[in-house]
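The structure appears below as C-alpha cells.
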Amino acid sequence: DIQSDINRIANGDRSPILCSQPISEFFTSSGTSGGERKLIPTTEEENGRRYQLYGLMMSVVSQFFPDLRNGKGMYFMFIKSEAKTPGGLLARPLLTSVYKSSLFKNSNSRVSPYTSPIESILCLDSYQSMYSQMLCGLCQNREVIRVGSVFASAFIRAMRFLEDHWSLLCNDIRTGTINNKITDPSVREAVMKILKPDSELADFIEAECSKDSWEGIVTRLWPNTMYVDVVVTGAMSQYIPMLDYYCNSLPLVSIAYASSECFFGINLNPLCKPSEVSYTLIPIAAYFEFLPIHRSNEVIDSISIHTLYNEKDEQQLVDLVDVKIGQEYELVVTTYSGLYRYRVGDVLRVAGYKNNAPQFNFIRRENVILSIDSDKTNEIELQNALKNAENNLMPFDARVIDYTSYADTATIPGHYVLFWELNVSASSPIPPSVLEECCLTIEENLNSVYRQGRTSDKSIGPLEIRIVETGTFDKLMDYCCTSLLGASINQYKTPRCVKFAPHVELLNSRVVSSYFSPLCPKWVSGRKQWNNTN
C-alpha cells in the first residue's frame with residue numbers, strides 16, 4: 001500500500017512523507033516469513049526507544065535471576081552485510097543495526113556482558129564469526145550463566161557447529177593459538193586477548209565431546225548456566241525437544257516479542273513453560289489495534305494478509321483495552337516511524353491480564369499457508385500434524401531435524417510436498433512403509449476441507465514426503481542469507497512454506513527418496529458448507 005512512499009524516501013526525498021522525524025535508515029525484513037522483502041522505515045528516536053525497552057526486558061529477567069550481572073552470556077550474534085538505497089540511506093536487518101550501533105558498542109566497551117568480542121560479532125564471514133564466538137565461549141566456560149541466540153534454530157546450529165569442530169577448538173585452547181582458517185586480523189587480535197593456553201580445560205572439553213551422547217552438553221561444558229535465552233514460540237517451538245536434549249531441560253526463556261516494524265511486548269513470566277508464553281504489549285512502543293479472526297468450526301474466516309486494507313477492516317478494529325480473553329486477533333500497529341494501521345501478519349490470542357494490561361499468546365503467522373484448491377493449511381496446523389507423524393519414527397530412533405513444505409501444482413491434481421531432513425540411526429533403517437504411513441498420518445491430522453478435497457472431491461493428490469540429504473537446510477539458509485537484502489543468520493527462520501523457484505530447485509536437487517500417502521485420509525460427509533470457503 002505504501003510502497004511508492006517508501007520508494008520516494010529510498011530515492012532521496014527527505015520531506016516528511018510518513019512522519020515528522022526524518023527517516024534514518026531502513027530495516028530489511030527477513031524475507032522468510034511471507035516471501036517478500038520489505039524496507040521498514042525507522043528513525044533515530046525510535047531506535048533509542050527500542051534500546052530503552054530492551055533495558056526494561058533485562059530488568060524483568062533480573063527479577064528471576066538476581067545473579068545475572070555476576071556472569072556472562074554466551075549469546076551467538078551475527079550481522080548481515082548492509083546496502084545503501086539510491087538516496088544514501090542504509091538498508092540492513094534490525095539486528096545488524098543494533099549490533100553496529102554506538103549504544104551496543106559502548107555497552108560492550110567496558111565490562112562486556114557477553115563472551116563474544118564485538119569484533120567476532122561484526123565479522124561478516126559466518127564461519128569465522130561462529131568459530132571465534134564458540135572459542136571464546138569455551139574459554140570463559142566458568143563465567144557463562146546464560147546461553148542463547150535470538151531464535152532457537154540459530155542456537156541449535158551453534159551446537160551442531162560445536163559437534164563438527166570441537167577437536168579444532170580444543171587444539172586452540174590447548175596451545176593458546178587460533179586456527180589458520182580464522183584470517184580476519186581484528187578477530188584474531190580480539191580472541192587472543194581472551195585465549196590463553198589451558199591444557200586442563202582442553203582435556204575437559206575433549207572428554208565431554210568424545211562421549212557417545214551429547215545429551216546435556218550445554219550444562220556439562222558450561223556448568224553454571226541458569227537458562228537458555230531463545231525465542232521458542234510460533235515456528236520455533238519445533239526446536240524445543242532438541243534444546244531440551246542439548247541443555248538438560250534448562251528453562252527456555254522467550255522474553256521479548258519484537259519485529260523490524262517495532263518492539264511489541266515482554267514476557268513478564270520468563271520461567272513459564274514454552275507452551276504458556278504470553279507477552280504483555282508495551283503501550284508506549286506503538287499504537288496497537290486488533291482485527292478479530294472468526295472461526296467457523298475448523299475453517300478460519302479471516303481476510304488474506306495480501307488483500308488491501310479496506311473500510312470493512314477498519315470498522316472491525318478493536319483497541320487494546322477492548323480485547324476479549326480467548327479471542328484471536330491479527331495485530332495492527334501504528335508506529336512512530338510512519339506505519340499507519342499496518343498489518344504485521346501475526347495472529348495473537350488473549351491469554352489473560354497483568355493488572356489491566358492484556359497478555360497475548362503468539363499463535364502463528366497469518367500469511368504462511370498451503371493451498372491447492374479451497375483448502376487452507378496454516379503453519380501451526382502443519383506443525384502439529386508433523387509432530388503426530390514423527391511418532392511413527394520413534395521405534396527406529398529417528399527424528400525430523402528440519403522441514404519445509406511446498407504446494408506442488410505442476411501435478412494434476414496438485415498435492416502437498418514436505419521436504420524432510422532426518423537424523424537416522426545406521427543400525428535401524430526406516431522401512432519405506434513407515435514413511436508412507438507418516439504421509440497418511442499427516443493427512444489424517446489436517447483440516448476437514450483438505451480431507452474432503454482428497455477423499456471426496458479428488459481435488460488434491462496424495463501428500464508426498466521427500467527426504468533430503470543431511471545439511472540441506474543449512475544450504476537453504478546459506479542461499480537465503482547470501483542474496484542482497486536477504487535474511488541475516490540470527491534473524492533467519494526456516495520458511496515453513498517455499499514458493500520461490502530457486503528455493504524449490506535447491507531442495508529438489510538434494511532429494512534422496514520420496515514417499516506418497518498410500519490411502520485417502522478419513523473424512524465424514526456433512527461439512528460441505530465449507531467447500532467453497534476462500
Side-chain angles (χ1 to χ4, degrees), residues 51-77 98-99 103-118 120-121 133-152 154-156 158-159 162 173 190 193-196 198 200-201 204-205 208 215-233 240 243-258 263 265-274 276-280 282 354 490:
Y51 209 83
Q52 287 181 327
L53 291 170
Y54 283 123
L56 173 61
M57 177 182 76
M58 293 312 298
S59 296
V60 170
V61 177
S62 297
Q63 293 181 25
F64 294 84
F65 300 99
D67 296 331
L68 204 58
R69 298 186 184 279
N70 297 330
K72 293 191 174 186
M74 187 180 69
Y75 200 79
F76 294 96
M77 297 169 273
V98 169
Y99 298 150
L103 288 170
F104 184 81
K105 290 179 181 178
N106 290 340
S107 69
N108 286 272
S109 63
R110 299 179 292 276
V111 179
S112 175
Y114 303 108
T115 57
S116 300
I118 190 70
S120 295
I121 297 169
Q133 290 191 59
M134 184 64 76
L135 180 59
C136 291
L138 289 168
C139 289
Q140 303 170 81
N141 73 318
R142 295 290 173 178
E143 298 178 54
V144 171
I145 58 175
R146 63 187 177 103
V147 299
S149 191
V150 175
F151 292 115
F155 186 75
I156 296 297
M159 292 300 101
L162 178 59
I173 294 170
K193 293 178 181 177
I194 298 170
L195 179 63
K196 307 295 179 189
D198 192 335
E200 184 179 346
L201 176 59
F204 166 72
I205 296 169
E208 292 298 333
E215 186 172 2
I217 193 67
V218 168
T219 51
R220 282 153 49 188
L221 294 180
W222 295 276
N224 297 318
T225 304
M226 296 188 290
Y227 70 95
V228 186
D229 186 351
V230 287
V231 172
V232 289
T233 49
I240 292 172
L243 288 169
D244 286 341
Y245 175 80
Y246 283 127
C247 302
N248 204 24
S249 298
L250 283 170
L252 304 178
V253 173
S254 286
I255 185 63
Y257 174 33
F263 190 101
I266 292 175
N267 176 10
L268 296 177
N269 183 21
L271 290 180
C272 68
K273 297 177 181 178
E276 298 173 355
V277 170
S278 64
Y279 298 102
T280 304
I282 306 299
K354 172 66 174 180
N490 44 297

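Starting from 1, each residue takes its place in the sequence as its number. Below, each value reflects all heavy atoms present in this structure, side chains not excepted, and no hydrogens, waters or symmetry copies.
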Residues Y279 and S254: closest non-hydrogen pair is OH-CB, 3.6 Å
May I ask you to check whether F155 and Y246 place their ring centres under 6.0 Å from each other? no
Checklist entry - Do the non-hydrogen side-chain atoms of T233 and P274 ever get within less than 4.5 Å of each other? => result no
For residues 139-148, which side-chain N or O atoms pair as donor and acceptor with protein atoms under 3.5 Å away, sequence neighbours left out?
unit_1, atom_1, unit_2, atom_2, d
Q140, OE1, K72, NZ, 3.1
Q140, NE2, T115, O, 3.0
Q140, NE2, C136, O, 3.1
N141, ND2, L221, O, 3.0
R146, NH1, D229, OD2, 3.4

Value for OG (S149) from CE (M77), rounded to nearest 0.5 Å, stands at 8.5 Å
Between F104 and Y99, the two heavy atoms sitting closest are CD2-O, 3.4 Å
Taking every heavy atom of V232 against every heavy atom of A152, the minimum-distance pair comes out as CG1-CB, 4.1 Å
d(E200 CD, I173 CD1) to nearest 0.5 Å is 12.5 Å
Item to check | side chain to side chain contact (heavy atoms under 4.5 Å, CB included) evaluation trace for M74 with W222 | outcome: CA-CA 9 Å; M74 187 180 69; W222 295 276; 3.4 Å; yes
Rounded to the nearest 0.5 angstrom, the CG-OG distance for L268 and S278 is 7.5 Å
Item to complete: Measure the shortest side-chain to side-chain distance between M159 and M134 over non-hydrogen atoms and say whether it is less than 4.5 angstrom.
Response: yes
Here the gap from L138 atom CG to D198 atom CG, rounded to the nearest 0.5 Å, amounts to 11.0 Å
In terms of heavy-atom contacts, M58 and Y227 come closest through CE-OH, 4.5 Å
*asked:* Side chains of V150 and V230, heavy atoms from C-beta outward: is any pair under 4.5 Å?
replied: no
Separation between CG (L250) and CG (D244), nearest 0.5 Å, reads 9.0 Å
Scanning both residues in full, the closest heavy-atom pair of F65 with V253 reads CE1-CG2, 4.5 Å
Once the angle between the rings of Y54 and F263 is folded into 0 to 90°, is it parallel (under 30°), tilted (30 to 60°) or perpendicular (over 60°)?
perpendicular
For this session: Find out whether Y245 and I217 are in side-chain contact, i.e. whether some heavy atom of one side chain is under 4.5 Å from a heavy atom of the other.
Result: no
Using side chain to side chain contact (heavy atoms under 4.5 Å, CB included), reason through T280 and I266 one step at a time and then give a plain yes or no.
CA-CA 5 Å; T280 304; I266 292 175; 5.7 Å; no
So CG of L252 and NZ of K273: to nearest 0.5 Å the spacing works out to 12.5 Å
Report yes if the side chains of L195 and L135 come closer than 4.5 Å at any heavy-atom pair, otherwise no.
yes
